[in-house]
Amino acid sequence: MEGAPLDKACRNCRLISSGPICPNCKSSDLSDDWSGLLIVINPETSEIAKKLGIKTAGKYALHVR
């Protein structure tokens, strides 16, 4: 799946953002080569977020290359 041209996924936490630094983990190791999309609205009640270790709401890539 391709996101918008500026969307990049963090290689550490997989959060998708458009800035040069991940707002979640503050890493600058971002990739524009990612696939799959998971939108987490409430990580406290989401079983998928718990299994993936996601603690912050947002858009996440399922696979980052």
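This structure is a prediction, so every number in the text was calculated from the model and none was measured.
- Taking CG from Asn24 and CD1 from Ile16, the interatomic distance works out to 12.0 Å, rounded to the nearest 0.5 Å.
- Considering all non-hydrogen atoms of both residues, Lys50 and Glu44 come closest at CE-O, 3.0 Å.
- Within the hydrophobic cluster formed by Ile, Leu, Val, Met, Phe, Trp and Tyr side chains joined at under 4.5 Å, directly or through other members, Val40 is accompanied by Leu15, Leu38, Ile48, Leu52, Ile54, Tyr60, Leu62.
- Residue pairs meeting the salt bridge (Lys or Arg N to Asp or Glu O under 4.0 Å) criterion with at least one member in residues 9-25, sequence neighbours excluded: Arg11-Asp29.
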- Would Lys51 and Ser46 satisfy side chain to side chain contact (heavy atoms under 4.5 Å, CB included), going step by step from the backbone distance to the final call? CA-CA 9 Å; Lys51 287 186 186 254; Ser46 169; over 6 Å; no

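- Every residue meeting the side chain to side chain donor-acceptor pair (under 3.5 Å) condition with Ser27, not counting sequence neighbours, appears here in chain and number order: Asn12.
- Side chains of Cys25 and Cys10 form a contact here, defined as non-hydrogen atoms less than 4.5 Å apart.
- Here Lys8 contributes atom NZ and Ser31 contributes atom OG; the two are 7.5 Å apart, rounded to the nearest 0.5 Å.
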- CA sep, side-chain torsions, deciding dist, call: Cys13, Cys22, side chain to side chain contact (heavy atoms under 4.5 Å, CB included): CA-CA 9 Å; Cys13 70; Cys22 175; 3.5 Å; yes

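- Put simply, CZ on Arg65 and CH2 on Trp34 are 10.5 Å apart, with the number rounded to the nearest 0.5 Å.
- Other residues sharing a hydrophobic cluster with Leu30 under the 4.5 Å side-chain heavy-atom criterion for ILVMFWY residues do not exist; the residue is a singleton.
- Under the salt bridge (Lys or Arg N to Asp or Glu O under 4.0 Å) criterion, the residue pairs touching residues 53-64 are Asp7-Lys59, with sequence neighbours excluded.
- Closest approach of Ala57 to Pro43, counting heavy atoms only: N-CG, 3.8 Å.
- One finds the CD atom of Glu47 at 8.5 Å from the OG1 atom of Thr45 (value rounded to the nearest 0.5 Å).
- In this structure Ser28 satisfies the side chain to side chain donor-acceptor pair (under 3.5 Å) test with no other residue, sequence neighbours excluded.
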